[in-house]
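Heads up: the structure comes next, in structure tokens.
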Amino acid sequence: MTSRFRSVGDRWTLLGLVDRLKLGRNRIEVRADRWGWQRPGATLTVVNHPAAGPVFSGPHIPLFCTASGSPWNLGPVDENCHVAEARVSYRYRSTAGSFVDLPDGPLPADVASTTTTAGRTVPYVVRIERGTINRAVYEIAMLHQPGTPAPSPWTTTRGWNDRLVYTFGGACSIGHTQATSTGGVLDHTLLSRGYAVASATFNVYAHNCNDVTSAETAMMVKEHFIETLGVPAFTMGWGGSAGTMQQLLIANAYPGILDGVVGSIGYPDERSTTISGHECRFISQAATAAGLSAAQQHAVSGFGSPNTCVGYQFFDSVDWPTACPAHIPADRRYHPVTNPEGIRCAMADFVSNVYGVDPDTGAGRPIIPDTVGVQYGLATLRARASSARSSSCGSTRASAAWTWRATARRNAPR
């Protein structure tokens, strides 16, 4: 097999791609053959998983396919929402500053040029690959001009600076959909400098609020990138809000997928954010009922601004089993009486491979921390204890905190 290896960096380093692996365990052995003697060199056992997964996320859950329809139009799908092969298209950046479909034939006169971080000036033409991996639709974009050597682990592509950026999208929803958008790969800031950009639909929390499948998908897409386009010098995460949340969780729990993160508007994780959302909804209701000012709400909640609670409430709807997204047909949805076996649209069920399933009810088992025992407004009350009896504001704060705490305990989701 020596002829199938390529020199990398220096004549002592060889790189090869092992193909035709069977599903399951495969034993790879490398032997050094010198003076007619074949001596064992090294062995490695590789466990090969299906392209549709799973690798470590657990059994598949119901999924509604979108790859064959708009905007992907990737052709017929199989039982795993996978298409037969990936499709490649090209767009270019015009001198007017927009991305335009590249026509066949010579490059248009208005194609802009760009200089990569490697110091190479190339036509600003972007190769976009779309396909399916781990039941998600993925996208990979990089600078490459048709007619020049195709990108591969063995071919230097002038437009690529040997670096990969992986993008993640925000919000939070139960999913059960292959979805219609990724974290985005047509990013002028990144592509114009020569970075390759990759993402998949399961890396957007608005479609798939599950950091385990997000990590698994990023790992599998990166593996595909390495096998078909080359080994990046590093892989950087990119994205805001819940996109930052995914980057931090993946970098912490799955070393080797991301080498660094670039985020903004970060949240710690979905569960603690959602619990804060439930708390905030009760705080907001109590504040409205009691007519509390912004300063009084701050005194009760401890948040710097009432708007903080507004942001946390974007997440809390994911804990209601009957609050399903529109793409799940009504006859497939859970109802405690008419359809108890239907799809339950609560986070505990969506991530039941992580949380487990209640053997008695069949529902997900939410391992959810709560704040029972937290005395909201206590620090404020202590700080102003000398005037609490005489101040109507002090009395209102203490009363509002006590009323909200009792209401929260009665209405907390089960």
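Position 1 is the first residue of the sequence; numbering continues from there. Since the model is a prediction, treat every value here as computed from it, not as a measurement. Keep in mind that the numbers below use all heavy atoms, side chains included, and drop hydrogens, waters and symmetry copies.
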Relative to each other, are the rings of Y195 and F234 parallel, tilted or perpendicular (30° and 60° limits)?
-> tilted
Sequence-distant partners of D19, salt bridge (charged side-chain N to carboxylate O under 4.0 Å, His left out), two or more places apart = R4
Using a 4.5 Å cut-off on heavy atoms from C-beta on, say whether the side chain of Y267 contacts that of S241.
-> yes
Looking at SG of C81 and CD of Q178, how far apart are the two atoms once the value is rounded to the nearest 0.5 Å?
-> 4.5 Å
With respect to T213, which candidate in N134, N353, N208 satisfies the side chain to side chain donor-acceptor pair (under 3.5 Å) definition?
-> N208
Candidate pair I128 and I140, rule side chain to side chain contact (heavy atoms under 4.5 Å, CB included), full reasoning = CA-CA 6 Å; I128 307 168; I140 297 173; over 6 Å; no
Taking side chain as C-beta onward, heavy atoms only, is V125 less than 4.5 Å from L143?
-> no
Residue of the set S94, P123, P103 for which side-chain contact (heavy atoms from CB on, under 4.5 Å) holds with P108 | P103
Student check: side-chain heavy atoms of Y205 and V318 closer than 4.5 Å | no
So do I61 and D349 actually touch side chain to side chain, heavy atoms under 4.5 Å?
-> no
Using modelled atom types only, decide if a donor and an acceptor are shared between the side chain of T148 and the backbone of Q145 within a distance under 3.5 Å.
-> yes
For F350, the ring pair (Phe, Tyr, Trp, His ring centres under 6.0 Å) test, sequence neighbours excluded, returns H176
When rounded to the nearest 0.5 angstrom, what distance separates OG1 in T45 from CZ in R27?
-> 7.0 Å
For the pair N80 (side chain) and H82 (backbone), establish whether a donor and an acceptor sit closer than 3.5 Å, ignoring hydrogens and angles.
-> no
With a 4.5 Å heavy-atom cut-off, do W160 and V122 have their side chains touching?
-> no
With side chains defined as the heavy atoms from C-beta onward, is the minimum distance between L63 and F202 less than 4.5 Å?
-> yes
Please list all pairs passing the disulfide bond (SG atoms under 2.5 Å apart) test where one or both residues lie in residues 135-197, with sequence neighbours left out.
-> C172-C209
Any donor-acceptor N/O pair, W72 side chain to A179 backbone, under 3.5 Å | yes
Flag side-chain contact, heavy atom, 4.5 Å: L14 against S7 = yes
Heavy-atom donor-acceptor pair, R120 side chain to A118 backbone, under 3.5 Å | no
Mark yes or no for whether D259, through its side chain, and T235, through its backbone, hold a donor-acceptor pair below 3.5 Å.
-> yes
Do NZ/NE/NH1/NH2 and the carboxylate oxygens of D187 and R193 come within less than 4.0 Å?
-> no
Side-chain H-bond candidate by donor/acceptor type, E129 with H224, under 3.5 Å | yes
Under 6.0 Å between ring centres, would you say that holds for Y90 and Y92?
-> no
Does any non-hydrogen side-chain atom of H207 lie less than 4.5 Å from one of T66?
-> no
Provide the full list of ring pair (Phe, Tyr, Trp, His ring centres under 6.0 Å) pairs with a residue in residues 321-341, sequence neighbours left out, each pair given once.
-> none
Of L258, D211, V261, which meets side-chain contact (heavy atoms from CB on, under 4.5 Å) against L248?
-> V261
Could you tell me which residues satisfy salt bridge (charged side-chain N to carboxylate O under 4.0 Å, His left out) with R135, sequence neighbours excluded, listed by chain and number?
-> none
Are any side-chain N or O atoms of R93 and backbone N or O atoms of H188, one a donor and one an acceptor, separated by less than 3.5 Å?
-> no
Spacing of OG1 belonging to T115 relative to CG belonging to N161, to within rounding of 0.5 Å | 12.5 Å
So, does N203 use its side chain to make a donor-acceptor pair with the main chain of F168 at under 3.5 Å?
-> no
Do side-chain atoms of T167 reach the backbone of W238 as a donor and acceptor pair under 3.5 angstrom?
-> no
Pairing residues for L44 by the side chain to side chain contact (heavy atoms under 4.5 Å, CB included) criterion, not counting sequence neighbours | V46
